[in-house]
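Note on naming: letters A, B, ... go to the chains in the order of the sequence lines (proteins, then strands), and numbering restarts at 1 for each one.
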There are 2 protein chains.
Amino acid sequence: MTQPAGRTPRSDARENRARILTVARVLLADDPSASLLSIARAAGVGQGTMYRHFPGREALLVAVHQGEVNALTDKASVLLSAYEPLEALRLWFEHLIAYGRSGPGAAAAAGAAAHTGAGRERPPAVAALDLLLKAGKEARQVRPEVEAEDVLLLVSCLWQAQDGPAWRERRQRMLTFIIDGLRTAPPR
Amino acid sequence: MTQPAGRTPRSDARENRARILTVARVLLADDPSASLLSIARAAGVGQGTMYRHFPGREALLVAVHQGEVNALTDKASVLLSAYEPLEALRLWFEHLIAYGRSGPGAAAAAGAAAHTGAGRERPPAVAALDLLLKAGKEARQVRPEVEAEDVLLLVSCLWQAQDGPAWRERRQRMLTFIIDGLRTAPPR
DNA sequence: ACCTGAACACCGTTCAAGT
DNA sequence: ACCTGAACACCGTTCAAGT
């Protein structure tokens, strides 16, 4: 934290950061438990540089997946303007699940992003889900007591599921259970 | 695997195994990420011995928690004979959650126990839950398409929740969502 | 201001040597 | 048959020295 607040970082630092992120995206997609050292080497930087930019593995994961998380956040309002609340919620879940399953790193990153630390401000993903839930509640389709963190936790179990057709069915089934559990008066 | 099948192990081996388990239970309860080496040292055995008895951390975790898992398995039929199916299910969930939250090691062990490996036989915990679900289905209170693995995965997200009164409320709320999602015709 | 890479403490795993 | 403990390969993290 020796950098003066609000100033542009030195150009080599900026480039190093970008290069680490690019390389990390590739290596982590291939092997989610790739070591930080292997990433540093592939990016052509020392371990110290790695550490300066991302203090710890989780920080790197969050940064790597920030793009996807932002896309997910935006998607919420897009879906809301095109579908009725409950359908928008279901579709958003599908996106969330697909993202979380894109790699175990994603799950860790999302988990870190979802944990609303005491005092800290709401992460954007939580805020996006809040939008969907609020619309659902106003349409009296979603239980009033449902909170965004509840739902994130519930859905997060779905990206633990493996691949294969059997698990695809399982996920669909479980998603139905979850949504029906969140509704007010399920007209099955 | 050099031991002749079905023969009593040598007494020192038996005692070592028991001692490792006892020590591991204590150390892991205190710190769930306690190293295998520290456990071996505390148990007064070499690392090799540790490895001979429990090839890998997960194997140790499973063994450590086997007692609790068995208790949980037995509890299912006890609850079934005393309560109506849906209530028995809810009470069993409470036990499952309490157990899973008894330590992060428990979650890992339960996760390993729940994963029905292809071809392998059903773990006892899954079989116990099956009993509960079957009773619920016969009483037409539980959706017919619900599978035990679905439910385990769903409930497992609950033992990620932290401590504190706020999280206690959250857990209760989420458990209600889950159960209502599993019912056939929820009379709320 | 930022980067490098040796150094440190630690981990899981293996295996030759013992009893 | 089983145990021991040194040895190996690897990890995340730190920090003095450079530019």
Side-chain angles (χ1 to χ4, degrees), chain A residues 1-28 30-64 103-105 108-109 111-112, chain B residues 1-28 30-64 103-105 108-109 111-112:
Chain A
M1 295 301 125
T2 42
Q3 201 219 132
R7 281 262 266 96
T8 318
R10 231 167 60 179
S11 71
D12 56 344
R14 230 183 45 240
E15 280 162 21
N16 274 335
R17 198 190 133 93
R19 198 142 23 83
I20 291 174
L21 277 178
T22 310
V23 168
R25 218 179 298 268
V26 176
L27 291 210
L28 288 175
D30 183 56
D31 172 20
S33 64
S35 79
L36 298 184
L37 179 59
S38 73
I39 295 175
R41 266 204 273 261
V45 300
Q47 306 102 290
T49 304
M50 186 80 181
Y51 237 76
R52 162 178 282 265
H53 288 290
F54 308 101
R57 165 172 278 263
E58 200 181 74
L60 179 63
L61 287 180
V62 171
V64 161
Chain B
M1 294 301 121
T2 42
Q3 200 217 132
R7 282 259 269 94
T8 319
R10 232 170 56 181
S11 72
D12 55 345
R14 230 184 44 240
E15 281 161 21
N16 274 336
R17 198 191 134 92
R19 199 143 22 86
I20 291 175
L21 276 178
T22 310
V23 168
R25 218 180 297 268
V26 176
L27 291 210
L28 287 174
D30 183 57
D31 172 21
S33 63
S35 78
L36 298 184
L37 178 60
S38 72
I39 295 174
R41 267 204 273 259
V45 300
Q47 305 104 288
T49 305
M50 187 79 182
Y51 237 77
R52 164 178 282 266
H53 288 290
F54 309 100
R57 164 170 280 262
E58 202 181 71
L60 179 63
L61 287 179
V62 171
V64 161

(message) In whole Å, I'd like the distance from the CE atom of Met50(A) to the P atom of dT14(D).
(response) 14 Å
(message) Just so I know, are the side chains of Leu21(B) and His53(B) near enough to count as touching, which here means a heavy-atom distance under 4.5 Å?
(response) no
Pair up each side-chain donor or acceptor in residues 39-48 of chain A with any protein partner under 3.5 Å, not counting sequence neighbours, and list the distances.
none

Set out, line by line, the N/O atom pairs under 3.5 Å between protein and nucleotides 16-19 of chain D.
none

(message) Minimum heavy-atom separation for Ala59(A) and Phe54(A), please, with both atom names.
(response) O-CD2, 4.1 Å
(message) If you only use heavy atoms from C-beta on, which nucleotide in dG12(C), dC3(D), dC2(C) is closest to the side chain of Asp12(A)?
(response) dC2(C)
(request) Using whole Å, report how far CG of Leu60(B) lies from P of dG12(C). (result) 11 Å
Polar pairs (N or O, both sides) under 3.5 Å between protein and nucleotides 5-9 of chain D?
residue, atom, partner, partner atom, Å
dG5(D), N7, Gln47(B), OE1, 3.1
dG5(D), O6, Gly48(B), N, 3.1
dA6(D), N6, Gln47(B), NE2, 3.2

(request) Go ahead and write out DNA chain D as dot-bracket, 5' to 3': ( ) for pairs within the strand, [ ] for ones crossing earlier pairs, | when the partner sits on another strand, dots for unpaired; Watson-Crick or G-U wobble, both distances under 3.5 Å. (result) ||.|||||...|||||.||
(request) Counting heavy atoms from C-beta on, name the nucleotide in dC2(D), dC11(D), dC3(C) closest to the side chain of Ala13(A). (result) dC3(C)
(message) To the nearest 0.5 Å, what is the distance between CG on Leu28(A) and CZ on Arg57(A)?
(response) 6.5 Å
(request) Rounded to the nearest angstrom, tell me the gap between atom CG in Leu36(B) and atom P in dC11(C). (result) 9 Å
(request) Using the salt bridge (charged side-chain N to carboxylate O under 4.0 Å, His left out) rule, collect all pairs that involve residues 11-20 of chain A, keeping only residues at least two apart or in two chains. (result) Arg10(A)-Asp12(A)
(message) Can you measure Phe54(A) atom CZ to dG12(D) atom P for me and round it to whole angstrom units?
(response) 15 Å
(message) Can you measure His53(A) atom NE2 to dT4(C) atom C1' for me and round it to whole angstrom units?
(response) 13 Å
(request) Would you mind reading off the distance between Leu37(B) atom CG and dT14(C) atom C1', rounded to a whole angstrom? (result) 14 Å
(message) Heavy atoms within less than 4.0 Å of DNA chain D: which residues of residues 14-22 of chain A have one? Give them sorted by number.
(response) none
(request) Enter the distance from Leu27(A):CG to Leu36(A):CG here, rounded to the nearest 0.5 Å. (result) 11.0 Å
(request) Send over the distance from Ile39(A) CD1 to dC10(D) P, rounded to a whole Å. (result) 16 Å
